[in-house]
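The shown structure was predicted, so the numbers you read here are calculated from the model rather than taken from an experiment. In the text below, chain A, chain B and the rest are named by the order of the sequence lines, each starting its count at 1.
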2 protein chains.
Amino acid sequence: MSGATSEQAVPIGTASRLSGVKVPTIRYYEEIGLLRPPARSEGNRRHYAGAELRRLAFIRHARELGFEIEAIRTLLALQDDPGQPCEAADAIARARLTEVEARIRSLMALRQELEQMVASGRHGVVGECRVIEVLADHGQCAHPHHHPPAVPGRAATAGPPRPKGRRPG
Amino acid sequence: MSGATSEQAVPIGTASRLSGVKVPTIRYYEEIGLLRPPARSEGNRRHYAGAELRRLAFIRHARELGFEIEAIRTLLALQDDPGQPCEAADAIARARLTEVEARIRSLMALRQELEQMVASGRHGVVGECRVIEVLADHGQCAHPHHHPPAVPGRAATAGPPRPKGRRPG
DNA sequence: CTTGCTCCTCCAGTCGCTGGAGGAATTAGC
DNA sequence: GCTAATTCCTCCAGCGACTGGAGGAGCAAG
């Protein structure tokens, strides 16, 4: 909207360089409907102009912050319709913040355990290796960072490590 | 090694409950060679005894700590051979610790940005929504948490968000 | 003896890309 | 004008680490 110097359309490679999003990823975003199909040249090449480039930068930034594709889809829809109430966008961001906070807590617990593992200094052989030992015996963990994996009689049916997909941020 | 009360073989469902690893996941571990194929009953059912159950617990714990399958493969091989030097295991654990530390730093930067996004209080419409605004304009980020996505003339060919695969810990 | 549970194998799908094959079009240099 | 290099096109398979469903066999209890 404001003073963008270059409002001309650029090919996909340039869009990639400008946004930091790889070429196949840009095409992928188009395929899944995050990015609208851009205009094509005579020779069938995609050409991206200001609006699409801004959209791409938006997506990139949101991905860096770890928003899922579906969340970004919602955010983009909201952006396209500036009269909408802002609550939905706020809610998405707050949900993401909660996730990030939980993840930080979890990682800090893991860090502590890993630190204790590697802190015991160099010892010759695996037979007396603290790393292997601690991995083999969960009871040696100082703190209950993750749910106890259940040892003796019966156990929790619930969650193994984590569900699925990657998590960028 | 020490006093395991039940040394009898159990079926896969029980092994799952004991270890906290889902049944299909146990079969998957066997398929990719992390777990050795256990003995089978007459009716072709898997039966897990002490050693395999311990191996499964080891894998589970290592996965919780975010070790990749290939790292776990190495750790298991080391465990099987207690005369080996411990360095390899230490190195794997230290590498993982470094990863976790980097991830914590990155997440804390994201948290900060997300906090700023949501901190601006409730405002009516998307048109003046800080969340959307900040996402659209990377320049509004307080700190350079992620590499600048390249705006004007030329830009970095290098890395978008993150490479691949999931990351549990 | 039937009901209901667990188990078997096989295979496709998840998420968010990534990269290769095979070919067309554009651009750069001579 | 011609060639060579680069960029682009589409299609499709693969990554990691599972997850879950279909369709069927086995087994233990009532």
Would you say Glu113(A) and Glu64(B) make side-chain contact, with heavy atoms under 4.5 Å? no
Counting only side-chain N and O atoms of Arg46(A), is one of them less than 4.0 Å from OP1 or OP2 of dT10(D)? yes
Does dT9(C) have OP1 or OP2 sitting under 4.0 Å from an N or O in the side chain of Arg40(B)? yes
Kindly indicate whether the side chain of Asp90(A), heavy atoms from C-beta on, has any atom under 4.5 Å from the side chain of Cys129(B). yes
Output one line per pair: protein atom, nucleotide atom from nucleotides 28-30 of chain D, and distance, for all N/O pairs under 3.5 Å.
none

Among dT19(D), dC7(C), dC8(D), which nucleotide has an atom closest to any side-chain atom of Pro11(B)? dC7(C)
Any salt bridge between Glu52(B) and Arg36(B), counting N to O under 4.0 Å? yes
Between Asn44(A) and Glu31(A), which is nearer to the 5' end of DNA chain D once each is assigned its nearest nucleotide? Asn44(A)
Taking atom C1' of dA17(D) as reference, at what distance in whole Å does atom CG of Leu34(B) sit? 11 Å
CD1 of Ile26(B) versus P of dC18(D): gap in Å, rounded? 12 Å
Approximate separation, where rounding is to 0.5 Å, of Arg46(B) CZ and Ile26(B) CD1: 9.5 Å
Between Tyr28(B) and dG16(D), is there a contact of a side-chain N or O with OP1 or OP2 at under 4.0 Å? no
Can you pull every protein N or O that's under 3.5 Å from an N or O on nucleotides 23-25 of chain D?
none

In this structure, how many angstroms lie between the P atom of dG26(D) and the NE2 atom of His47(B), rounded? 14 Å
Compare the minimum distances between each of dC17(C), dC8(C), dC7(C) and the side chain of Arg63(A), then state the nucleotide with the smallest one. dC17(C)
Can you see if the side chain of Lys22(B) gets near the phosphate of dG20(D) - specifically, an N or O under 4.0 Å from OP1 or OP2? yes
Integer-rounded Å distance: dC18(D) P and Ile59(B) CD1: 10 Å
Specify the separation, in whole Å, of atom CZ of Arg17(B) and atom C1' of dC5(C). 11 Å
Considering only heavy atoms from C-beta outward, does the side chain of Leu56(B) approach that of Tyr48(B) to under 4.5 Å? no
Among dT9(C), dC18(D), dG20(D), the nucleotide that comes nearest once only the side chain of Thr25(B) is considered: dC18(D)
Which of dC18(D), dC7(C), dG16(C) is nearest the side chain of Ile12(B)? It is dC7(C)
When rounded to the nearest 0.5 Å, the distance separating CG of Leu75(A) from CD1 of Ile132(B) is 5.0 Å
Side chains of Val134(B) and Gln116(B), heavy atoms from C-beta outward: is any pair under 4.5 Å? no
A side-chain contact here means heavy atoms from C-beta on lying under 4.5 Å apart; do Arg63(B) and His61(B) qualify? no
Should Glu99(A) and Phe67(A) count as side-chain neighbours, where that means a heavy-atom distance under 4.5 Å? no
Starting from P on dC8(D), measure out to CD on Glu42(A) and report it in whole angstrom. 18 Å
Between CD of Glu30(A) and P of dC11(D) the distance, given in whole Å, is 12 Å
Is any side-chain N of the basic residue among Arg73(A) and Glu70(A) closer than 4.0 Å to the acidic one's carboxylate O? yes
Length of the CZ-C1' vector between Phe67(B) and dC18(D), whole Å: 19 Å
